[in-house]
Amino acid sequence: MPNTDINSGEHIRAEVWSRILSLLLSAGLSSVAVDTWFNDCRLVDLTANEAYIHTPSAYKRDIIESKFTLPIRDALRQLLPGEFDVFILDDEGLHAHNLTAAEKQAEDEFHTFERFVVGSSNKFAHAAALAVATEKAGNDYNPLFIYGPSGVGKTHLLRAIRNTLRAAHPDYNIVYVRGDDFTNQLIHSLQAGKNVEFRDKYRNAHVFLMDDVQFIAGKVSTQEEFFNTFDTLHMAGRQIVLTSDRPPKEIATLENRLRTRFEASGLMADIQPPDFETRMAIILNKARELGFSLPDDVALYIAENMSANVRQLEGAVRKIRAYAEFYGVDSLTVAEVSMQIKDLLRDNEKKITADIIITETARYFQLLPADLKGQSRTRATVQARQLSWYLMRTLTPLSLKEIGKFFGDRDHSTILNGVRNVEKDVKIGGESTLSVRDISSNIQTIAESG
């Protein structure tokens, strides 16, 4: 578990965090800004020289990390002796931080290509990652840039590449790092006068893997260092694999020279949220891994009602298994399962609403929300309307009947046909694919910032 050298009790951390916020206000930060960016933050760990702050919003995490890390460090300097490195964690980062060394190793070894559930939404990215790991390292697919929304399997593929190459080439220097950790390590190396050691670590890699490369955007020194590292490795024929929650063109503060490097060479592969069949396979596979079986109707209920996010699907299965073990339940029912995952559904519903989906879909197609809810049968309106139905089914727990109410009490069979039309088009990589990706990304950003 993480070290906790300085009075690590929860009440002590809460007091320290309260004083940090007070010092931020005293330093000139407005109360509105403090409430906006820190209202759901907690100081979750404090060591002799490190402070770990958690926010459940990945969007807030990025903003706090880029804009408020230095003011927080200044506040800590006033409260406690020594210099502190400040780390901002989203939910995924907090989970990783709290793992023991043994748990981290077990989780790392879990990420293999064999355990990755392949479906229409991710088969291209899976094939490209497998090729890099087994036959084309440093050649055709360099860099390999994998992008898609949070929780769809990007990190799994990145670690599967590492584990496969590590087994086949134990002599390789394989470097894996998250974008934010690359920045923090660079800052630490500059402070400690260890620039040479930092550069040697990355520029001597046989394989360079960076998760969440979007976190280096907007950071001038980090992008400069990354650019030079990228060019050194690329010219030497060393394999580079990057993941991001969006394509390079949508990373607003990414330098043009980096965007050009990512887009003009190598291969870009996107991952979309899993379709219904893939969700079913993920649920059943996870249950088997955990050593228990789910009745078909229970698996069907989860697949139909849970968000199209792999981590949430697996989290639901783990929660259901814990419930079954604790109460000694041999055969789960849909009613029992619905009670166990209702909080997960409620949390998702709070973040992404039908109104957000309708508004963003209409904006994407340059229509008004009233157009989608109305009776217009123009091609663009029908396409936008059906796509909004599909997004509601994949991003919210709304039933077909509930979706119909947002569109003038349309019959649930009409909604289902529209959803299936979009799903079929996405499966074959049709014109809906790009629209689903872009609108989903906008929706996620708005929901997280809200």
Side-chain angles (χ1 to χ4, degrees), residues 1-31 33-101 104 177-199 201-202 211-212 215-226:
M1 292 293 291
N3 183 26
T4 53
D5 297 331
I6 300 177
N7 298 324
S8 59
E10 185 174 348
H11 67 287
I12 297 296
R13 293 196 301 271
E15 177 64 24
V16 171
W17 181 239
S18 176
R19 293 186 182 183
I20 289 173
L21 295 181
S22 295
L23 288 170
L24 292 177
L25 287 168
S26 300
L29 198 62
S30 71
S31 58
V34 169
D35 184 61
T36 298
W37 299 114
F38 301 108
N39 65 326
D40 57 2
C41 289
R42 292 186 303 123
L43 180 62
V44 294
D45 196 13
L46 189 64
T47 73
N49 53 18
E50 295 177 341
Y52 293 85
I53 297 162
H54 168 250
T55 173
S57 168
Y59 174 78
K60 283 188 179 181
R61 178 209 167 283
D62 193 22
I63 296 296
I64 295 169
E65 203 258 347
S66 63
K67 294 182 178 296
F68 301 114
T69 298
L70 290 179
I72 292 172
R73 288 183 64 201
D74 290 340
L76 281 165
R77 188 182 295 116
Q78 297 179 56
L79 294 172
L80 298 167
E83 293 291 330
F84 284 81
D85 289 328
V86 175
F87 301 92
I88 314 300
L89 309 175
D90 58 12
D91 285 344
E92 184 178 357
L94 180 63
H95 171 71
H97 177 70
N98 286 336
L99 292 177
T100 65
K104 287 180 180 179
V177 66
R178 278 174 53 103
D180 55 326
D181 289 335
F182 185 85
T183 297
N184 290 328
Q185 290 173 23
L186 174 60
I187 292 171
H188 181 74
S189 72
L190 293 172
Q191 291 174 336
K194 296 183 178 180
N195 307 46
V196 174
E197 290 90 335
F198 176 86
R199 290 171 181 170
K201 174 182 178 179
Y202 291 106
D211 208 359
D212 291 325
F215 287 136
I216 73 169
K219 303 173 179 69
V220 177
S221 297
T222 301
Q223 291 188 91
E224 175 69 26
E225 188 63 39
F226 180 84

| field | Ring center gap for Phe84 and Tyr52 short of 6.0 angstrom | value | no

| said: How long is the straight-line distance from CG of Leu94 back to CZ of Arg42, given to the nearest 0.5 Å? | reply: 6.5 Å

| Would Phe38 and Ile72 satisfy side-chain contact (heavy atoms from CB on, under 4.5 Å), going step by step from the backbone distance to the final call? | CA-CA 11 Å; Phe38 301 108; Ile72 292 172; 4.2 Å; yes

| query | At their closest point, which heavy atom of Arg77 faces which heavy atom of Asp74, and how far apart are they? | reply | NH1-OD1, 2.7 Å

| said: Please report the interatomic distance CG(Leu79) to CZ(Arg19), rounded to the nearest 0.5 Å. | reply: 7.0 Å

| query | So, Arg61 side chain and Ile88 main chain: donor-acceptor pair closer than 3.5 Å or not? | reply | yes

| field | Chi angles and distances behind the side-chain contact (heavy atoms from CB on, under 4.5 Å) call for Phe182, Phe215 | value | CA-CA 9 Å; Phe182 185 85; Phe215 287 136; over 6 Å; no

| Do Phe198 and Glu225 have side chains that get closer than 4.5 Å, going by heavy atoms? | yes

| query | Looking at CD of Glu50 and CZ of Phe87, how far apart are the two atoms once the value is rounded to the nearest 0.5 Å? | reply | 4.5 Å

| query | Under 3.5 Å, is there a donor-acceptor pair between the side chain of Ser26 and the main chain of Ser22? | reply | yes

| field | Inter-residue atom distance Gln223.CD - Leu186.CG, 0.5 Å rounding | value | 11.5 Å

| message | Does Leu29 form a side-chain contact (heavy atoms from CB on, under 4.5 Å) with Phe68? I'd like the steps, not just the answer. | response | CA-CA 10 Å; Leu29 198 62; Phe68 301 114; 3.7 Å; yes

| Distance-only side-chain donor-acceptor flag, Asn195 / Ser189, under 3.5 Å | no

| note | Taken to the nearest 0.5 Å, the spacing of Leu76 CG from Leu46 CG works out to 7.0 Å

| said: Under 4.0 Å between a side-chain nitrogen and a carboxylate oxygen: does that hold for Lys201 and Glu197? | reply: no

| said: To the nearest 0.5 Å, what is the distance between CG on Asp180 and CD on Gln185? | reply: 9.5 Å

| message | With side chain to side chain donor-acceptor pair (under 3.5 Å) as the test, pick out the partner of Thr55 among Asp90, Asn39, Asp40. | response | Asp40

| In a check of side chain to side chain contact (heavy atoms under 4.5 Å, CB included) between Cys41 and each of Ile53, Leu21, Val34, Leu89, which one passes? | Ile53

